[in-house]
Amino acid sequence: MPTESSQPLPEYNPAKIEPRWLEVWEKKRYFYHAPKVKKDDLDKVYNLFAFAYPSGSGLHVGHVESKTALDIITRFQRMNGKKVLFPVGWDAFGLPAENYAIKTGVPPAETTKKAINTFRRQIKRIGISYNWDHEIATSHSGYYKWTQWLFLKLYQAGLAYKAKGTVNWCPSCQTVLANEQVVDGLCERCDTRVIQKELDQWYFKITSYRDELISGLDQVDWPEATKRQQLNWIGRKQGVEIVYPVMDESNNLIGEVACFTTRPDTNFGATFVVLAPEHPLAVKLAKDNKEVASYLDQAKKKTELERQQEGRKKSGVFTGLYAVNRLTERKMPIWVADFVLGHFGTGAVVGVPAHDRRDFEFVQFVNQHHPDKKIEVIRVVIGPDGKLGKVKSADDVYEAKVGKLTNSGRFDNLEVEEAIEAIGRYLEKKGWGKLATTYKLRDWLISRQRYWGAPIPIVYDPEGNPHPVKEEHLPWLLPTDVDFKPTGESPLKSSKEFIERTERLYGKGWRPEFDTMDTFVDSSWYYLRYVSPRDESVFAAKELLSKWLPVDFYMIGPEHIVLHLLYSRFFTKFLRDQGYLKFDEPFLKMRHQGMILGPDGKKMSKSKGNVINPDEVVDKFGADTLRVYEMFMGPIEADKPWDVRAVMGVYKFLGRVYRLILSSPDQKFSSQQVLSWQRKLHQTIKKVTEDIPQLKFNTAIAALMEFVKLWESQTKVDQVEKKETLPLNDLYSFVKLLAPFAPFLAEELFNELKSQGLKVDLDSVHFASWPSYDQKLIQNQEINLPVQINGKLRAKFSLPADKVKDKDWIVNQVKQLEKMNRWLKNKEIKKVVYVPGRVLNLVVS
RNA sequence: GCCGAGAUGGCGGAAUUGGUAGACGCGUAGGUCUCAAAAACCUAUUCCCUUUUUGGGAGUGAGGGUUCGACUCCCUCUCUCGGCACCA
């Protein structure tokens with residue numbers, strides 16, 4: 001019967017389809033440039049992907065997931081008439097390129113360039129529709145010029161300062177390590193014990209924004225868990241700073257010591273005070289107290305690992321001084337111990353052993369090793385169980401904030417929560433303390449003794465005083481004549497050119513700062529640069545900033561939750577205060593993509609041999625299959641294992657779509673079939689349209705599959721009356737639905753439809769407008785109503801859609817059903833619950 | 001220890017946010033085609049009982065509760081995964 005179609009259809013062959021369209025898109029530079037927007041344009045959308053480090057191993061399937069997700073959203077929004085900024089860039093400075101240089105001698109600039117080229121090729125191959133004209137790389141001098149400018153702005157504002165600080169140091173690699181590079185006290189690269197070293201370092205004063213970094217979270221649509229992690233990191237705590245007079249052995253008043261506590265309610269049970277080794281009073285005492293001096297020395301020498309191995313084992317030394325608890329008139333011995341941290345609170349802690357485990361453990365240590373200096377344990381809170389027993393072991397320590405006070409004079413019998421208030425106020429009234437707030441957040445150490453980063457734009461005069469590099473000397477270029485071999489010194493020290501340049505520009509005897517900046521500095525303002533990446537006069541064009549920023553949607557891995565986001569928000573607030581930005585928060589809405597695990601359900605790693613290479617998947621099945629499979633795996637935010645065989649299922653699905661469209665002119669249907677085909681189509685349009693903005697790509701794809709399934713089954717029904725073909729315009733709608741997910745196949749099928757006679761004046765389906773659905777058409781004419789007896793499903797009753805609101809009619813009809821006899825015979829219907837179209841529940845007795 | 005997320009068939013996961021649990025895909029079994037295999041297509045597929053169909057019972061980590069009705073809400077517990085961790 002078929003005539004022209006007796007030729008076999010061409011097979012779905014992505015290897016032919018995809019390169020062809022890629023070439024066309026590249027040639028025509030589709031979406032290369034961000035669209036033009038007017039100020040306050042409500043149609044603008046800024047979609048941001050957390051730019052990646054261009055590692056030598058190339059694109060990872062995890063990259064593909066988040067890039068594809070954002071690409072789908074972007075294409076969907078474009079088809080819905082939005083103007084979208086969708087840029088791409090490279091977090092190109094960083095350790096791996098430098099380590100590679102140390103090993104091989106190949107300069108990081110070269111390695112990085114090569115890696116970027118690989119990434120760019122791979123990303124284009126999977127059809128991500130980035131605005132390539134806006135591409136940036138943080139290692140490019142046109143970019144880091146502005147990173148340095150930002151440093152200078154902070155410097156001028158007094159928010160960049162130099163101070164001595166303790167840093168992680170790997171004696172084998174001879175370099176400073178970031179906290180993240182220390183794993184269980186060992187260097188992540190060579191497993192050498194990391195030690196603490198005092199170095200003169202540059203810091204950014206992020207702490208001056210700590211309160212706004214908390215309150216600003218109310219303005220953004222981020223996952224609650226993410227917000228909470230930020231809050232924990234900032235770690236704001238309300239409490240009381242109690243000031244105790246300090247006396248020597250012979251009761252001479254010699255000063256005072258302040259202790260921060262969140263539990264002033266327990267202060268009647270305070271029996272000692274502990275200073276951190278860094279506490280000024282401890283340092284002062286060390287001058288003429290040998291025991292204290294040697295303890296401080298030991299504490300300083302301790303490595304991270306040793307501290308961790310010791311666990312919670314306490315140590316300490318008595319200072320010979322006492323603090324007076326004015327609530328009880330008790331003389332509390334003052335000790336120095338390294339379990340107290342110098343940088344939290346006041347660096348001194350008041351010990352309440354009955355109600356703080358660590359305090360109790362310390363008392364155990366003292367009472368065991370210094371029996372002549374025994375410290376008393378006094379219970380001042382009775383738990384709800386009414387137990388008033390002695391606190392004899394660590395398990396008896398009562399830390400919960402529930403219970404009533406005892407042994408606390410006039411405050412006895414108050415509930416803990418009340419007592420916190422009351423005693424706090426009392427201390428304040430007496431002038432013995434004041435309400436105080438402490439934070440865990442510390443200033444941001446940005447110095448790195450590394451080569452592959454942006455040089456800190458500071459020069460030192462012959463006396464060693466720092467001066468900012470003049471703005472006209474930016475970019476303060478990273479020298480190239482350096483020795484990469486680690487020597488324990490900053491690699492830039494080996495550059496003759498760098499020193500000569502400094503002397504030429506600033507005078508004889510002047511020296512440049514040899515450290516570079518933490519790469520987090522580069523990566524915490526890049527979203528601003530995207531609007532005008534080639535502008536040499538400003539970090540980001542003001543007019544464009546006001547049009548595009550803030551970022552509307554940010555897709556970022558959960559590993560960046562704390563640092564990157566905190567730093568970015570800090571920079572945003574700083575630049576706002578400097579008058580450059582007009583918004584408070586850089587990222588309005590944010591979501592995280594999960595991790596793609598190996599087929600074994602474990603994190604992919606070369607050593608486990610479970611790495612899936614996206615290039616190989618594309619070679620075998622094509623980019624569309626890779627994209628659709630990754631989106632189909634499951635919810636975007638979940639961790640999901642790769643299933644080699646499930647990829648085939650997606651490939652088959654795309655092949656079916658291909659064949660259905662190509663053979664559609666030969667498919668004949670009854671008008672009834674066409675109608676139900678259209679109904680399903682419109683239901684699918686609705687589902688996909690609603691799912692994409694919610695990032696529910698897996699269910700959107702499932703809906704497309706369901707539609708294709710129905711279509712296929714219809715072609716197989718042998719009916720007598722079959723003379724209609726599917727309307728080209730409806731086929732077009734379906735291809736549009738497919739376009740964000742499988743852009744190559746959709747483009748191919750769009751062209752096919754044109755050759756079948758579709759009249760559209762467009763070069764690409766990706767410029768088409770998104771299909772809309774007909775609400776009336778969606779309604780099924782027949783409704784299959786579940787009928788429950790006492791909440792258990794007993795029958796299904798199918799009724800015409802126009803009867804759906806007629807409860808009485810339905811109940812009557814259902815009662816007549818023969819099936820119902822069994823359940824309703826000799827029973828009384830006590831209650832009828834009817835949710836229109838959803839369920840009918842008869843409650844019988 | 002603290003904070004957070006989670007637990008649904010053999011597997012990945014759906015479920016209109018309190019209304020038919022298991023959509024969609026994988027896998028498996030049987031079938032069509034084939035000399036055979038692969039591919040493709042069709043059918044079945046939560047478990048148990050009954051069984052010719054019909055039918056019945058159980059069932060969303062465990063236990064309890066609220067409700068006409070609970071994967072969904074509340075309480076208790078177990079386990080898994082992330083983050084922080086001597087932070088006063």
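Reminder, nothing fancy here: chain letters follow the sequence lines and each chain counts from 1. FYI, side chains are in, hydrogens and waters are out, and symmetry mates aren't considered; it's all heavy atoms of this structure.
Closest to the side chain of A:Arg228, out of B:C3, B:G13, B:U16, is B:C3. Side-chain proximity of A:Ala702 to B:C24, B:C41, B:A14: nearest is B:C24. Picking from B:G57, B:U20, B:C84 the nucleotide with the shortest atom distance to the side chain of A:Leu793 gives B:U20. Of all nucleotides listed (B:A5, B:G19, B:C86), B:G19 comes nearest to the side chain of A:Val839. Nearest nucleotide to the A:Arg794 side chain, out of B:C68, B:G56, B:G4: B:G56.
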I'd like to know whether A:Arg659 forms a salt bridge (Lys or Arg N to Asp or Glu O under 4.0 Å) with A:Glu11, so could you lay out the CA-CA distance, the side-chain angles of the two residues, the decisive distance to 0.1 Å, and finally the verdict.
CA-CA 8 Å; A:Arg659 283 190 298 275; A:Glu11 273 304 299; 3.7 Å; yes

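Heavy atoms of A:Pro558 sit nowhere under 4.0 angstrom from any nucleic acid atom. Using a 4.0 Å heavy-atom cutoff across all strands shown, A:Lys696 reaches sugar-phosphate atoms only and no base atom. In this structure, A:Arg442 reaches neither bases nor backbone, as no heavy-atom distance under 4.0 Å exists between it and the strands shown. Nucleic acid contact for A:Gln788: base, since at least one base atom lies under 4.0 Å from a heavy atom of the residue. Among the protein residues, A:Asn232 comes within range of the sugar-phosphate backbone only, with heavy atoms under 4.0 Å from sugar or phosphate atoms but none that close to a base. No engagement by A:Val787 is indicated, since no non-hydrogen atom pair under 4.0 Å with the nucleic acid exists. Residue contacts for A:Val843: at a heavy-atom cut-off of 4.0 Å it reaches the sugar-phosphate backbone alone, with no base atom in range. Among the atoms of the strands shown, base atoms are found under 4.0 Å from some heavy atom of A:Asn784.
Atom pair A:Gln779:CD and B:U16:P shows a separation of 18 Å (rounding to whole Å applied). The distance between atom OH of A:Tyr834 and atom P of B:G18, rounded to the nearest whole Å, is 20 Å. Rounded to whole Å, atom C1' of B:C2 lies 13 Å from atom CD of A:Gln229. In this entry the distance linking CD of A:Gln593 with C1' of B:A5 reads 16 Å, nearest Å. The distance from atom CD of A:Gln694 to atom P of B:A14 is 13 Å, rounded to the nearest whole Å. Residue A:Lys440 contributes atom NZ, which lies 13 Å from atom P of B:C3 at whole-angstrom precision. Atom CG of A:Asp338 and atom C1' of B:C86 are 9 Å apart (whole Å). Here the C1' atom of nucleotide B:C86 and the CG atom of A:Leu341 are 7 Å apart, to the nearest Å.
Of the side-chain N and O atoms in A:Lys314, none sit less than 4.0 angstrom from OP1 or OP2 of B:C86. Look at A:Lys831 and you'll find a side-chain N or O under 4.0 angstrom from OP1 or OP2 of B:C68. Of the side-chain N and O atoms in A:Lys792, one or more sit less than 4.0 angstrom from OP1 or OP2 of B:A58.
At a threshold of 4.0 Å, the pair A:Asp211-A:Arg236 counts as salt-bridged, since one of the basic side-chain nitrogens sits closer than that to a carboxylate oxygen. Using a 4.0 Å cut-off between charged side-chain N and carboxylate O, A:Lys686 and A:Asp691 make no salt bridge. For A:Glu706 and A:Lys709, the salt-bridge test fails: no basic side-chain N is under 4.0 Å from an acidic carboxylate O. Comment: A:Lys696 does not engage A:Glu690 in a salt bridge, judged by the lack of any side-chain N to carboxylate O separation of less than 4.0 angstrom.
Distance noted for atom C1' between B:G19 and B:G31: 38 Å (whole Å).
No donor-acceptor contact under 3.5 angstrom links the side chains of A:Glu630 and A:Thr68, judged on distance only.
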Which pairs, protein N/O on one side and nucleotides 25-34 of chain B N/O on the other, fall under 3.5 Å?
{"from": "B:G25", "atom 1": "OP2", "to": "A:Lys709", "atom 2": "NZ", "distance (Å)": "3.3"}

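For the pair A:Lys680 and A:Phe707, the cation-pi test (distance below 6.0 Å, angle within 45°) is failed.
With contacts defined as side-chain heavy-atom distances shorter than 4.5 Å, the pair A:Phe734/A:Val708 qualifies.
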